[in-house]
Number of protein chains: 2
Amino acid sequence: MGEKPTRDHIVEAADRLFYENGYEHTSFAHIADSVQISRGNFYYHFKSKDEILDAVIALRLANTQRMLDRWEQDAASPLERLRRFIDMLIVNQAPILRYGCPVGTLCTELAKLDHAGKEQANALFTLFRTWLKRQFVALGRKSDADALAMHLLGRSQGVATLANALGDKRFLRREVRQLHAWLEQDMASPG
Amino acid sequence: MGEKPTRDHIVEAADRLFYENGYEHTSFAHIADSVQISRGNFYYHFKSKDEILDAVIALRLANTQRMLDRWEQDAASPLERLRRFIDMLIVNQAPILRYGCPVGTLCTELAKLDHAGKEQANALFTLFRTWLKRQFVALGRKSDADALAMHLLGRSQGVATLANALGDKRFLRREVRQLHAWLEQDMASPG
DNA sequence: GTCTATACTGAGATAGAC
DNA sequence: GTCTATCTCAGTATAGAC
């Protein structure tokens, strides 16, 4: 205990660098520098760059699942949980303005690269989608729960993408307020 | 007349390849193959890859401006023009599902690369933003015209990003219907 | 204006010593 | 498990013939 394995250091560094600089733009040299190990040592832990991407996505899936579980515990009502989701845009405002949404930007990049890891990255979206859907079902919106989940996911993506491109913090906060308003209003009238 | 200059062929090929495969992922070899010229010839027309990006963005700016002018002429009312904007998602549905929004994905990529051309690419967003704002002003929404323009821009981005990631055509069409409904409803009640 | 040939760089990846 | 050294390949870019 106490010392974290080198492998974990690599995955965490790659996670951050892939987010900040993109997957393709991040080289082994960048990661090695960040972790303070040699380039050669690298291949003891991973056979290829694709394998690191797999590990990074697995890490993100685990971290996301943990976050959703925490929300499920901490927030008493489904409505309160949905508010947590929306407020992610505020909590992560600084990185979103600089680098966009970690999920959206990765999926966008992998789609262009026609990369095999694309499907895995989409699972991150599915994780949120399923969780959101469950909250809407709990609110009595069984028939359109999935559509509502996708709508909220899409709105968040749009906010992140545009706020990132234009570096517009006020836009981000304004849209978050509107999303909260939409939530209140929409949950008052059953679909 | 009749023969298009090689330079224009290069820019058009680069435009398409940057969209389909991303800027960084597109090499000179790809472009050269597509235009059927040698790699060397390339440098007679452009000094660097950055210069090609500049030319591609300039082309997109010109094409976008032309499209907006056409909408301005063809559509009689501001409301009808805004509908044209929303319907872009339908008209370009196939490429959006495969490659996302040309503006959004380019800005996202350049932001991660911390590329100098980022500001130029953002001008594409500004072009739409200004045009949309003008339509909302014409509808009597002077005070919040820019916020409405940004909102519509953000919603479109979200639809494109998520539809592209998940390859979900039904989601795209459902969201377009909701955007039309939002437009009708929101323009009925002044902000 | 277009070509071939080539220089130079950085990337992913391997071999083998320690 | 970690290192150094090295290979191979693709990418950008240049030189110079035609």
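Computed from a predicted structure; not experimentally measured. All chains are named by letter (A, B, ...) in the order of the sequence lines, taking the proteins before the strands, and each is independently numbered beginning at 1.
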Below 4.0 Å: OP1/OP2 of D:dT2 and any side-chain N or O of A:Thr6: yes
Can you tell which of D:dG11, C:dA11, D:dA13 lies closest to the side chain of B:Ser48? D:dA13
Do we see a donor-acceptor contact under 3.5 Å between the side chains of A:Gln93 and A:Arg173? yes
Do we see a donor-acceptor contact under 3.5 Å between the side chains of A:His30 and A:Ser27? yes
Between A:Asn63 and A:Arg60, is any side-chain donor less than 3.5 angstrom from a side-chain acceptor? no
Roughly how many Å is it from CZ in A:Phe42 to C1' in C:dA11, rounded to a whole number? 13 Å
Atom CG of A:Leu17 and atom P of C:dA11: how far apart are they, to the nearest Å? 13 Å
Rounded to the nearest angstrom, tell me the gap between atom CD1 in A:Ile52 and atom P in C:dA11. 14 Å
Using whole Å, what does the distance between atom P of nucleotide D:dG1 and atom CZ of A:Arg39 come to? 22 Å
Tell me whether the side-chain N/O atoms of A:His45 come closer than 4.0 Å to OP1 or OP2 in D:dT2. yes
Does the side chain of A:Asn41 get closer than 4.0 angstrom to OP1 or OP2 of D:dG1 through an N or O atom? no
Separation of B:Ile31 atom CD1 from D:dT12 atom C1', in whole Å? 12 Å
Rounded to the Å, how far apart are A:Arg7 CZ and D:dT2 P? 13 Å
With respect to the phosphate group of C:dT2, does any side-chain polar atom (N or O) of B:Tyr44 fall under 4.0 Å of OP1 or OP2? no
Once you round it to whole Å, what is the distance between C1' of D:dC3 and CZ of A:Phe28? 17 Å
If the cut-off is 4.0 Å, is A:Ser38 near the phosphate of D:dT2, judged by side-chain N/O to OP1 or OP2? no
Between A:Asp186 and A:Arg141, does any NZ, NE, NH1 or NH2 come within less than 4.0 Å of an OD or OE carboxylate oxygen? yes
First of B:Gly40 and A:Tyr43 reached from the 5' end of DNA chain C, by closest nucleotide: B:Gly40
Give a yes or no on whether a salt bridge exists between A:Glu20 and A:Arg98, defined as a side-chain N under 4.0 angstrom from a carboxylate O. no
Could you check how far CG of A:Asp8 sits from P of D:dG1, rounded to whole Å? 12 Å
